[in-house]
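Numbering starts at 1 and runs along the sequence shown. Order of appearance sets the numbers: ligands from 1, and atoms from 1 within every ligand.
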Amino acid sequence: MTRHPGGEESTRRLIELAALPAGASVLDVGAGAGESLPLLRAMGCAAAGIDREPRGEGVEQGDLLRTGFPAGSFDAVLSQCAFFVSGDVRSALREAYRLLRPGGKLLLSDVFFEQPEALLRGAGFAVLTAEDMTAAWREYWLEALWRGDAPCCEIPKGQSSYWLVIGRKD
Ligand SMILES: C[S@@+](CC[C@H](N)C(=O)[O-])C[C@H]1O[C@@H](n2cnc3c(N)ncnc32)[C@H](O)[C@@H]1O
């Protein structure tokens, strides 16, 4: 089961909007069960995934805040619903920026408590796309609560929003 709003459809949309070149190397950080990996491969990418608690085939153990990969290793970094869970969005953005080659793209869908475009710009990215998915996030969260398997426990009090954003390392 995907653990982000919009499921596979939203992952596909992120990848399509990013218009990655054929064979692009993509690292999913916070990949969980690794459900993005077959989709990325089917869409022509070379995909790998890390998670601090890997739960699926092909996902390696790793910390998205300190991945250990050399700078400029990837054409794209994908992350869905994991920067927020890591508890340190700014460090997550900094590490994603470091991992990308110049011109590389960050494909992000996540919960935000600040304006996402400003956050990305603050980390050095040009913002190519920013779509508000808060309505889908609320629906997803309510359904998960109803089923009794809401992910990632606590949402701090305050105005949360959920965004699909694509940034480019210029
Ligand atoms: C809500 S789940 C989303 C999983 C997957 N991206 C998906 O959409 O199905 C959040 C994931 O982030 C991972 N995570 C949180 N902090 C992390 C960190 N510092 N490094 C690596 N993974 C982390 C968790 O282990 C969890 O698998």
Compute the shortest N/O to N/O distance between D28 and ligand 1 and return yes if it is under 3.5 Å, no if not. no
Measuring centre to centre across the rings, with the benzene-like ring taken for any Trp, is F113 within less than 6.0 Å of F84? yes
Using a plain distance cutoff, I'd like to know if C81 has any nitrogen or oxygen under 3.5 Å from a nitrogen or oxygen of ligand 1. no
Quick one: side chains of residues 126-133, donor-acceptor pairs under 3.5 Å with protein atoms, not counting sequence neighbours, listed by atom name and distance.
unit_1 : atom_1 : unit_2 : atom_2 : d
E131   : OE1    : R13    : NE     : 3.1
E131   : OE1    : R13    : NH2    : 3.4
E131   : OE2    : R13    : NH2    : 2.4
D132   : OD1    : T134   : N      : 2.9
D132   : OD1    : T134   : OG1    : 2.4

Please state which option from E8, R52, Q61 has its nearest heavy atom closest to atom 21 (C) of ligand 1. R52
Taking distance alone, with N or O pairs closer than 3.5 Å, would you say V85 contacts ligand 1? no
Going by the order shown, which atoms of ligand 1 are within less than 4.0 Å of some heavy atom of G62? 20 (N), 21 (C)
For V59 and A33, which heavy atoms make the closest approach, and how far apart are they? CG2-C, 4.0 Å
Ligand 1 atoms nearer than 4.0 angstrom to some heavy atom of A31 are 5 (C)
Salt bridge check, R101 against D75: does any charged N sit closer than 4.0 Å to a carboxylate O? yes
Find the distance between CG (L106) and CD1 (I166) and round it off to the nearest 0.5 Å. 9.0 Å
Just by distance, no angles: are the side chains of S36 and Q80 close enough, under 3.5 Å, to form a donor-acceptor pair? no
Ligand 1 to A82, heavy atom cutoff 4.0 Å, flagged ligand atoms 12 (O)
For Y162 together with F112, are the ring centres under 6.0 Å from each other? no
Go through ligand 1 atom by atom and flag the ones less than 4.0 Å from a non-hydrogen atom of S86. 16 (N), 19 (N)
When you compare ligand 1 with Q80, is there at least one nitrogen or oxygen pair between them that comes in under 3.5 angstrom? yes
